[in-house]
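What follows is a set of notes on a single structure, which appears directly below.
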Amino acid sequence: MAASSSLFSSSMHMKVFAPKVSTFSEDFLGCHTKISCTERGYSTSKCCPNSRFLSIKMSSKGEQMKKTCQRNGIHCRALKIEQATSFSPGLKFQLDDVIEAQQFDRDTLTAIFEVARNMENIEKNSPGSQILKGYLMATLFYEPSTRTRLSFESAMKRLGGEVLTTENAREFSSAAKGETLEDTIRTVEGYSDIIVMRHFESGAARRAAITAGIPVINAGDGPGQHPTQALLDVYTIEREIGKLDGIKIGLVGDLANGRTVRSLAYLLAKYKNVKFYFVAPEVVKMKDDIKDYLTSKEVKWEESSDLIEVASECDVVYQTRIQKERFGERVNLYEEAKGRYIVNQDVLKVMQSHAVVMHPLPRLDEITVDVDADPRAAYFRQAKNGLYIRMALLKLLLVGW
């Protein structure tokens, strides 16, 4: 975050520099090469060379924020610094990487959405269509993707940048030969300015960000998170419903394995008086970590087995597919969960006129095709919004506000 000044002290009077460090959660940050923090009033952290851990305790507004790094008796402390306007044109984006939904606060979300709205107006051959000219984006996708990969590539090209792509990195890259993810990232960052990665392992994006010296965007890491999907989902809700505070949303389908619903829950928890309804087969119910998080933020939630009743209450029915690829050999459990909850004409009949049906796609049979013609079917508009959100993120990470 931009700030007018910073003050650091070292018990050994050693030269202190600003390593590249990434923030992934409020409670613990691994000190490696970079940290970005969206806490208002404070800038990106600096710490001692080769420090292994960074413990950060955020204080209330106006109080001192202390950041302490320690290794071999060397201590550095970041003291309170003056607040500056965070989103002024020309300033650096608050984050070095986009790894998880918890990185964003409300003010940053609002500012990103404003950039996305501007991206909707960029036309071919206009000055705005060349703002990323000369930049290269590498897409590393270890799992199949249509919308996410193509929307990122389209976003980069629509802003004048170029793309290096590996569609199936799990089979058609050196990973098939046993190369570690870290070695792949170190190699690819030498060819590009930003990396967009989808991986089959939860936590892989964090490992990539720790390794890379360039921005990394998590395009989905197994059953972990999918932060850019959550951003476009929240953007879509705001565009469709006209508000984010006070909404009721039903999350339906595979809530245990669905990284989209996990990230969406984290983001919507930042808004006031939001209520969640979880509708899922027993085998894929929402995990306790999300429920505990919502409870800790005093966000209301309840579980239900009645989709019709929930649909009648909600502003948003967010349907997801049962993810067969997460079941492995447990085919019987997949068959038990598949087709349990379907959005069809019966569901539409009880939905309010302003409400919408959303889906991260692809769909199988969990939304019947005849729903598509209803104006409340927002999922294809939702997919298009992904282009504008990803254009905004690429612009912000590479050239700033």
Next on the checklist: Side chains of Phe276 and Met286, heavy atoms from C-beta outward: is any pair under 4.5 Å?
Outcome noted: no
Item to check | Main-chain N/O of Arg186 paired with Asp183 side-chain donor or acceptor, under 3.5 Å | outcome: no
Next on the checklist: For Arg363, is there an ion pair with Glu366 - N to carboxylate O distance below 4.0 angstrom?
Outcome noted: no
Checklist entry - Could you give all pairs that pass the ring pair (Phe, Tyr, Trp, His ring centres under 6.0 Å) test and reach residues 207-246, with sequence neighbours left out? => result Phe113-Tyr235
Item to check | Criterion side chain to side chain contact (heavy atoms under 4.5 Å, CB included) on Val356 and Ile237, from CA distance to verdict | outcome: CA-CA 8 Å; Val356 294; Ile237 293 170; 5.9 Å; no
Checklist outcome for this item: Nearest heavy-atom contact between Ile185 and Met197 is CD1-SD, 4.2 Å
Checklist entry - Is the number of heavy atoms from other residues, nucleotides or ligands under 6.0 Å of Arg207 CZ greater than 12? => result yes
Checklist entry - Is there a donor-acceptor pair closer than 3.5 Å between any side-chain N or O of Thr320 and the backbone N or O of Asp254? => result yes
Item to check | Side chains of Val343 and Val252 in contact at under 4.5 Å (non-hydrogen atoms) | outcome: no
Item to check | Test side chain to side chain contact (heavy atoms under 4.5 Å, CB included) applied to Leu264 and Ile249, step by step | outcome: CA-CA 10 Å; Leu264 182 57; Ile249 180 168; 3.9 Å; yes
Checklist entry - Okay, side chain of Glu120, backbone of Asn385: is any donor-acceptor separation there less than 3.5 Å? => result no
Checklist entry - Looking at residues at least two apart in the chain, or sitting in another chain, which of them share a side chain to side chain contact (heavy atoms under 4.5 Å, CB included) with Asp365? => result Lys338
Checklist entry - Do the side chain of Asp97 and the main chain of Val216 share a donor and acceptor less than 3.5 angstrom apart? => result yes
Item to check | Shortest non-hydrogen contact between Ala311 and Val347, atoms and distance | outcome: CB-CG1, 3.7 Å
Checklist entry - Counting only N and O atoms by type, is there a donor-acceptor contact under 3.5 Å from the side chain of Gln382 to the main-chain atoms of His359? => result yes
Checklist entry - Charged N to carboxylate O under 4.0 angstrom, Arg149 versus Glu143? => result no
Checklist entry - If you take all heavy atoms of Ile290 and Ala265, which pair is closest and at what distance? => result CG2-CB, 3.8 Å
Next on the checklist: Rounded to the nearest 0.5 Å, what separates atom CZ in Phe152 from atom CG in Leu394?
Outcome noted: 6.0 Å
Item to check | Steps toward side chain to side chain contact (heavy atoms under 4.5 Å, CB included) verdict (Leu397, Ile194) | outcome: CA-CA 8 Å; Leu397 285 166; Ile194 189 168; 3.9 Å; yes
Checklist entry - Can you check whether Ile367 reaches Tyr379 side chain to side chain, under 4.5 Å on heavy atoms? => result yes
Checklist entry - Of all heavy-atom pairs between Ala355 and Cys314, which one has the smallest distance, and what is that distance? => result CB-O, 3.5 Å
Checklist entry - Would you call Arg381 and Glu240 a salt bridge, taking side-chain N to carboxylate O under 4.0 Å as the test? => result yes
Item to check | Ile195 backbone acceptor or donor facing Ser192 side chain under 3.5 Å | outcome: no
Next on the checklist: For Leu136, is there any backbone N or O sitting under 3.5 Å from a side-chain donor or acceptor partner on Asp193?
Outcome noted: yes
Checklist entry - Can a salt bridge be assigned to the pair Glu282 and Lys285 using a cut-off of 4.0 Å between side-chain N and carboxylate O? => result yes
Item to check | Expected output: side-chain Asn273 to main-chain Gly246 donor-acceptor under 3.5 Å | outcome: no
Next on the checklist: Measuring only between side-chain heavy atoms, which start at C-beta, is Met119 closer than 4.5 Å to Val115?
Outcome noted: yes
Item to check | Summary of salt bridge (charged side-chain N to carboxylate O under 4.0 Å, His left out) pairs that have at least one residue in residues 382-401, sequence neighbours excluded | outcome: none
Checklist entry - Would you call Phe141 and Thr165 a side-chain contact if the rule is heavy atoms closer than 4.5 Å? => result no
Item to check | Ser304 versus Tyr341, closest heavy-atom pair with distance | outcome: O-OH, 4.5 Å
Checklist entry - Looking only at atom types and distance, does a side-chain atom of Glu201 sit under 3.5 Å from a main-chain N or O of Asp221, one as donor and one as acceptor? => result no
Item to check | Check against side chain to side chain donor-acceptor pair (under 3.5 Å), Gln225 and Ser263 | outcome: CA-CA 6 Å; Gln225 287 209 42; Ser263 293; 2.9 Å; yes
Next on the checklist: For residues 382-401, which residue pairs pass the ring pair (Phe, Tyr, Trp, His ring centres under 6.0 Å) check, not counting sequence neighbours?
Outcome noted: Phe87-Trp401, Phe93-Trp401
Checklist entry - Checking side chain to side chain contact (heavy atoms under 4.5 Å, CB included) against Asp372, which of Asp374, Val369, Thr368 comes through? => result Val369
Item to check | Stepwise side chain to side chain contact (heavy atoms under 4.5 Å, CB included) test for Asp233 and Tyr318 | outcome: CA-CA 9 Å; Asp233 289 342; Tyr318 192 99; 2.6 Å; yes
Item to check | Residue pairs passing the salt bridge (charged side-chain N to carboxylate O under 4.0 Å, His left out) test where at least one lies in residues 306-317, sequence neighbours excluded | outcome: Lys248-Glu313
Item to check | ring pair (Phe, Tyr, Trp, His ring centres under 6.0 Å) contacts touching residues 204-224 (sequence neighbours left out) | outcome: none
Checklist entry - Are Arg198 and Thr148 close enough that a side-chain donor and a side-chain acceptor fall under 3.5 Å? => result yes
Checklist outcome for this item: Applying side-chain hydrogen bond (donor to acceptor under 3.5 Å, both in side chains) to Glu162 and not counting sequence neighbours gives none
Next on the checklist: Could you work out, with side chain to side chain contact (heavy atoms under 4.5 Å, CB included) as the rule, every residue matching Gln130, not counting sequence neighbours?
Outcome noted: Lys133
Item to check | Results of side chain to side chain contact (heavy atoms under 4.5 Å, CB included) for Asp289 - residues two or more places apart only | outcome: Arg262, Tyr266, Lys287
Checklist entry - Hey, are the side chains of Leu255 and Val284 touching, using non-hydrogen atoms and a 4.5 Å cut-off? => result no
Item to check | side-chain hydrogen bond (donor to acceptor under 3.5 Å, both in side chains) partners for Ser312, two or more places apart | outcome: none
Item to check | Test side-chain hydrogen bond (donor to acceptor under 3.5 Å, both in side chains) applied to Thr295 - qualifying residues, sequence neighbours left out | outcome: Trp301
Checklist entry - Which atoms form the tightest heavy-atom contact between Ile389 and Thr228, and what is the distance? => result CG2-O, 4.2 Å
Checklist entry - Is the closest side-chain heavy-atom distance between His354 and Arg376 below 4.5 Å? => result no
Checklist entry - Taking side chain as C-beta onward, heavy atoms only, is Val299 less than 4.5 Å from Tyr271? => result no
Checklist entry - Run the side chain to side chain donor-acceptor pair (under 3.5 Å) check on Glu182 and Thr211 step by step: do they pass? => result CA-CA 6 Å; Glu182 286 75 10; Thr211 303; 4.6 Å; no
Checklist entry - Do the side chain of Ser126 and the main chain of Ile122 share a donor and acceptor less than 3.5 angstrom apart? => result no
Checklist entry - Can we say Lys270 and Asp245 salt-bridge, meaning some charged N sits less than 4.0 Å from an Asp/Glu carboxylate O? => result no
Checklist entry - What pairs with Gln345 under side chain to side chain contact (heavy atoms under 4.5 Å, CB included), at least two apart in sequence or on another chain? => result Leu348, Asp370
